[in-house]
Amino acid sequence: MKVDNLLVDSSSSLLLSLLLAQLPLFTSAVPAPYRRPNVVHELDRLANQTKNLRQITADLLKEHAFETDPEQHRFKSLPLMNNRASDINSLEMRPTLSQLHADLKSFEHHFAWLSRVSRKHHHPALPKLGQMMSLIKSLTSMLEHQMMRVDAQRLSPPSPSMPPPPPSQFDVLQSSQELLLQFRLFCDWAQRVFSVLSTKSKMSAVQ
């Protein structure tokens, strides 16, 4: 009888040992749950990318600054940067992202035009302009990803109308100054907006 009990206990112990040995295999076979990027983290990334773009814009303006302000209104279809600081706290996520995306796409078209005319006149800022356009495309892609996550609508503004090709390098510099000044205003505004939306998202997550 004792021998039978001993055999049973030994069999049970062996079975338990085998099960415990297989446990890591079972747990590793279960896929880890997919964690979507945090909304706050994504908005902070957008703010940082916009900050980098603003710095490059400021550097370009310093390198090719005029003693007087350049002639304005060469570009008739640039986004109007008439936002007020008092409005920023009342902004809603979806329509705000949609408008920023539309404005950014407009600037992207304008900088593509500037890049083309700069090649013809050997614009000295062409290398940094290329770096800036790459960052704009990256920011656009990040923003579109965030818009998909929050189900923000893509606006369809008309294609921007460009001025005639500048006849000289001086005119190219004038055009670039106007475009860079407007884009710096956009970056100032967009960076603040992304930061405010991030703060709002943090507060909503706590509540």
Side-chain angles (χ1 to χ4, degrees), residues 31-61 72-115 129-163 178-207:
Y34 172 70
R35 294 186 177 181
R36 297 177 66 183
N38 186 277
V39 174
V40 173
H41 175 68
E42 293 298 314
L43 289 168
D44 289 341
R45 287 183 62 210
L46 285 166
N48 288 332
Q49 182 82 327
T50 309
K51 181 181 179 181
N52 292 337
L53 270 170
R54 189 204 177 284
Q55 186 58 54
I56 292 177
T57 305
D59 291 343
L60 283 168
L61 285 168
Q72 299 293 315
H73 309 304
R74 292 169 184 258
F75 300 98
K76 305 299 183 183
S77 54
L78 276 176
L80 296 175
M81 294 292 103
N82 54 2
N83 305 292
R84 297 179 303 177
S86 57
D87 298 334
I88 199 165
N89 290 318
S90 62
L91 296 176
E92 298 181 3
M93 176 82 74
R94 292 176 182 174
T96 301
L97 294 183
S98 297
Q99 187 59 56
L100 287 175
H101 178 262
D103 291 345
L104 189 59
K105 291 296 289 184
S106 177
F107 277 110
E108 189 176 340
H109 286 300
H110 283 82
F111 277 114
W113 174 88
L114 180 62
S115 178
L129 186 61
Q131 178 189 0
M132 176 192 234
M133 290 179 66
S134 295
L135 285 176
I136 291 175
K137 288 183 181 296
S138 176
L139 179 61
T140 302
S141 178
M142 291 167 58
L143 181 52
E144 288 172 352
H145 177 71
Q146 183 66 12
M147 289 170 66
M148 288 178 61
R149 292 194 60 205
V150 300
D151 197 24
Q153 181 183 4
R154 282 200 197 188
L155 304 179
S156 300
S159 298
S161 59
M162 300 301 171
E178 180 184 354
L179 186 51
L180 289 168
L181 285 169
Q182 285 296 105
F183 189 62
R184 184 174 62 180
L185 290 176
F186 169 81
C187 290
D188 282 339
W189 174 252
Q191 182 184 349
R192 294 176 65 186
V193 168
F194 289 137
S195 298
V196 168
L197 292 177
S198 174
T199 301
K200 284 186 174 182
S201 298
K202 289 176 188 176
M203 295 173 63
S204 298
V206 172
Q207 293 174 354

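The residues of the chain are indexed from 1 along the displayed sequence.
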Visitor: With no hydrogens and no angle check, is any side-chain donor or acceptor of Ser141 less than 3.5 Å from a backbone partner on Lys137?
Guide: no
Visitor: Report yes if the side chains of Leu197 and Leu97 come closer than 4.5 Å at any heavy-atom pair, otherwise no.
Guide: yes
Visitor: May I ask you to decide if Ala102's main-chain N or O and Ser106's side chain share a donor-acceptor pair within less than 3.5 Å?
Guide: no
Visitor: Looking at every non-hydrogen atom in both residues, tell me the closest pair between Leu129 and Ser115 and how far apart they are.
Guide: CD2-CA, 3.9 Å
Visitor: Return the NE2 to CG distance between His41 and Leu43, rounded to the nearest 0.5 Å.
Guide: 10.5 Å
Visitor: With distance as the sole test, does Arg184 use its side chain to make a donor-acceptor pair with the main-chain N or O of Ala58 at under 3.5 Å?
Guide: no
Visitor: Glu144: what forms a salt bridge (Lys or Arg N to Asp or Glu O under 4.0 Å) with it, not counting sequence neighbours?
Guide: Arg154
Visitor: Would you find a donor on one side and an acceptor on the other, under 3.5 Å apart, between the side chain of Ser98 and the backbone of Gln153?
Guide: yes
Visitor: Do any pairs count as a side chain to side chain donor-acceptor pair (under 3.5 Å) and have a residue in residues 45-56, sequence neighbours left out, and if so which ones?
Guide: Glu42-Arg45, Gln49-Ser138, Arg54-Asp188, Gln55-Asp59
Visitor: Look at the side chain of Lys200 and the backbone N and O of Asn89, then say whether any donor-acceptor pair between them is shorter than 3.5 Å.
Guide: yes
Visitor: Measure the shortest side-chain to side-chain distance between Met132 and Leu180 over non-hydrogen atoms and say whether it is less than 4.5 angstrom.
Guide: yes
Visitor: Leu155 vs Lys105, test: side chain to side chain contact (heavy atoms under 4.5 Å, CB included). Steps then yes/no.
Guide: CA-CA 10 Å; Leu155 304 179; Lys105 291 296 289 184; over 6 Å; no
Visitor: Given 3.5 Å as the limit, does a donor-acceptor pair link the side chain of Ser198 with the main chain of Phe194, or not?
Guide: no
Visitor: Does any pair with a residue in residues 76-108 pass ring-ring contact (aromatic ring centres under 6.0 Å, His included), and if so which ones, sequence neighbours excluded?
Guide: Phe107-Phe183, Phe107-Phe186
Visitor: Work out which heavy atom in Ser77 is nearest to a heavy atom in His110; give both atom names and the distance.
Guide: OG-NE2, 3.3 Å
